[in-house]
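Take a look at the structure set out below.
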Amino acid sequence: MSRVKISRARIWAALGGVAVIITATAANFGIGTYCTVCPLGFLQISAASRGFPVNMLPGVLAVILLILFWGKFFCGWFCPTMLVKKTFRNDKPSGCDEHYAGGGKTARIPHILLGITLVASFIVQFPVFCLICPIGLFFGIIYAVFRLFTLYEPSWNLIIFPFILFLEVVLFRRWCSSVCPLSALFTLIRKIPVHGSIQFTLNKDTCLYFNNRHCQNCERVCPAGIMLTSEKNAMEECIICFECKDKCPADSVKIDMR
Amino acid sequence: MKPGWIGVSRRRFLILSAVMSFAGAKPANAMTKRPVLRPPGAVPEAEFLAKCNRCQRCVQICPTNVIFPVKLTADFLTANTPEVIFNRSYCNSCMKCTHICPAGALIPTGKDAMKIGDAVIIKEDCVAWNWTGCTVCMDKCPLKAIELDAAKRPIVDTQKCDGCGICEQLCPSQSLRSNVRGRGILIYPAGTEYEPR
């Protein structure tokens, strides 16, 4: 009997999130886009306006709580960037991010960019990353289409936004791991140890690798480049995509809450 | 040749000044462009840009669909922040957008204190000013902020006008006359210098 492939549900989760936001727009129900609860947006506008947007706090705190327990689930399940990637490039998971895992040279770049983003926002008094954020661009395209049908007025957004998004996500393949400051912020939050956060571990009794066979499938398919078989794996990078669990031939990847 | 006291040679100085005068000429030219109209309760523009997180909640909740994200081509820095466009709709002063804004860029004010902007009559394009007979904006204004002068041409009382935009939405000048460039009455942000197109 084949196992249920949880990772396949991700694209539907992301599409569902977008559908909810489009429905809210059409039904004049103000839930906002993901930007409403964006912790990076919160930090940026706090820096830019030298104050705290108090009304944003409940949503942002809820998101931080979720990240503490479920890590970067947003990256794996809801980020529209994932939809764009899945549409335009059929990534054969080949461990292309191997530089990233194990603290390679590029691993620090997103964290440095995160710092630069916040300092720049403070100096120019303006949320800098929001301008080029792929999530904002994605919804910008949707609103450009809305504008087309409500104002009967096309705008250059319809061409320029997809172009920038294409440049960022499709041409620059490693955006998520090498640039995205939002992802870096999630990683930083995840590093705070809490009891009961989700972890993927190997059952060493059944795992083929630990029984002297060549496998390491879980590492090859991991979009975050986590080395599950090594003791020192960077679990804070995990996007909870379940690819490792789904692709394990011996069903040895288990979920731990600890 | 030895560079002058600012360390720039004459040739480079001339090129620089030509470039800078070109750059300086651009904003003056851009003044004729209509400034972005913010939704009700908006904080001053510089503060607005710092506070708005572009979450589009105001765009979503507006029951008359009058709020839109600013186009990228209008200004790169303001892209995706909200603006009010009266082409197809008007503001019914429900103030929902001010209550839902999470970032503090729109501050809740009472309906009476609402001020999106001022209606400005574009005399070249207004049917009554340029020709004769039209009183649509005066008839439709819910605040009775538009009156007729002795020659039966509309005049805006900016004290009463809250910029709801119903006059701009309903202005029929484009359908009545063929030689106008746009609507005869437009909302401009209060207190801005404008040039009537």
Side-chain angles (χ1 to χ4, degrees), chain A residues 21-38 40-42 44-60 121-122 124-128 130-131 133 136-137 139-140 142-144 146-147 150-161 164, chain B residues 39 41 43-90 92 94-108 165 168-169 182:
Chain A
I21 289 166
I22 292 177
T23 316
T25 309
N28 294 327
F29 190 72
I31 56 167
T33 62
Y34 295 130
C35 311
T36 316
V37 290
C38 174
L40 182 60
F42 177 82
Q44 280 186 96
I45 63 174
S46 301
S49 66
R50 288 109 165 99
F52 286 101
V54 185
N55 294 342
M56 264 184 93
L57 265 177
V60 171
S121 297
F122 183 79
V124 302
Q125 301 188 21
F126 180 83
V128 187
C130 294
L131 275 185
C133 177
L137 288 175
F139 288 110
I142 289 177
Y143 283 104
F146 259 98
R147 188 191 184 99
T150 48
L151 283 183
Y152 309 112
E153 179 194 284
S155 65
W156 281 103
N157 293 14
L158 280 170
I159 296 163
I160 297 173
F161 278 173
I164 305 176
Chain B
V43 295
E45 184 64 22
E47 200 185 340
F48 189 93
L49 275 181
K51 283 188 169 173
C52 175
N53 67 346
R54 296 145 171 79
C55 70
Q56 317 294 350
R57 284 183 99 176
C58 48
V59 175
Q60 289 181 349
I61 203 162
C62 180
T64 53
N65 290 329
V66 75
I67 307 179
F68 292 88
V70 176
K71 281 195 288 189
L72 183 72
T73 37
D75 185 354
F76 182 62
L77 289 186
T78 57
N80 278 344
T81 54
E83 72 170 326
V84 174
I85 298 177
F86 295 122
N87 281 4
R88 304 266 157 200
S89 189
Y90 67 99
N92 67 353
C94 69
M95 309 309 271
K96 279 181 185 166
C97 50
T98 63
H99 289 289
I100 205 152
C101 177
L106 304 177
I107 307 284
E168 182 179 331
Q169 187 206 345

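Quick note: numbers below take in every heavy atom, side chains included, and nothing from hydrogens, waters or symmetry partners. Within every chain, numbering begins at 1; the chains are lettered A, B, ... in the order of the sequence lines, protein sequences first and strands thereafter.
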Item to check | From CA spacing to verdict: side-chain contact (heavy atoms from CB on, under 4.5 Å), Arg88(B), Tyr152(A) | outcome: CA-CA 9 Å; Arg88(B) 304 266 157 200; Tyr152(A) 309 112; 3.3 Å; yes
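- Note that CG of Asn53(B) is 7.5 Å distant from OG1 of Thr33(A), once rounded to the nearest 0.5 Å.
- The residue among Gly104(B), Cys62(B), Ala105(B) with the most heavy atom pairs within less than 4.5 Å of chain A is Cys62(B).
- Between chain B and the options Cys38(A), Gly41(A), Ser155(A), heavy-atom pairs under 4.5 Å are most frequent for Ser155(A).
- A pairwise comparison of heavy atoms in Ile45(A) and Ala103(B) identifies CD1-CB, 3.7 Å as the closest pair.
- Residue Gln44(A) does not touch chain B at all, counting heavy-atom pairs closer than 4.5 Å.
- Heavy atoms closer than 4.5 Å to chain A are found nowhere in Val43(B), neither backbone nor side chain.
- Distance check: Leu131(A) CG to Thr78(B) OG1 gives 9.0 Å after rounding to the nearest 0.5 Å.
- For the pair Cys35(A) and Cys55(B), the tightest heavy-atom approach, listed with the atom from each and the gap, is CB-CA, 3.7 Å.
- Of the listed residues (Ser89(B), Ala46(B), Pro69(B)), the one with the most heavy-atom contacts under 4.5 Å to chain A is Pro69(B).
- Heavy atoms closer than 4.5 Å to chain A are found in the backbone of Cys52(B), but not in its side chain.
- Using a 4.5 Å cut-off between heavy atoms, Cys58(B) does not touch chain A at all.
- Judged by distance alone, with hydrogens and angles left aside, the side-chain atoms of Asn157(A) form no donor-acceptor pair with the main-chain N or O of Lys71(B) at under 3.5 Å.
- Ranking Cys130(A), Pro53(A), Ala26(A) against chain B, the residue ahead of the rest is Pro53(A), based on heavy-atom pairs under 4.5 Å.
- Remark: Phe146(A) CZ is packed, more than 12 non-hydrogen atoms of other residues, nucleotides or ligands lying under 6.0 Å away.
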Item to check | From CA spacing to verdict: side-chain contact (heavy atoms from CB on, under 4.5 Å), Val59(B), Phe139(A) | outcome: CA-CA 12 Å; Val59(B) 175; Phe139(A) 288 110; over 6 Å; no
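- Taking CG from Leu158(A) and CG from Leu72(B), the interatomic distance works out to 11.0 Å, rounded to the nearest 0.5 Å.
- Between Lys51(B) atom NZ and Phe126(A) atom CZ the span is 15.5 Å, to the nearest 0.5 Å.
- With a 4.5 angstrom heavy-atom cutoff, Ile21(A) touches chain B via backbone and side-chain atoms both.
- With chain B as partner, the option from Pro127(A), Ser121(A), Gly59(A) having the largest number of non-hydrogen pairs under 4.5 angstrom is Pro127(A).
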Item to check | Full working for side-chain contact (heavy atoms from CB on, under 4.5 Å) between Ile85(B) and Arg147(A) | outcome: CA-CA 11 Å; Ile85(B) 298 177; Arg147(A) 188 191 184 99; 3.4 Å; yes
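- In this structure, CG in Leu137(A) is found 7.5 Å from CG in Asn80(B), a value given to the nearest 0.5 Å.
- For chain A, the nearby part of Ile100(B) is the side chain; its heavy atoms alone come within less than 4.5 Å.
- Checking side-chain atoms of Gln60(B) against main-chain N and O of Gly32(A) turns up a donor-acceptor pair under 3.5 Å.
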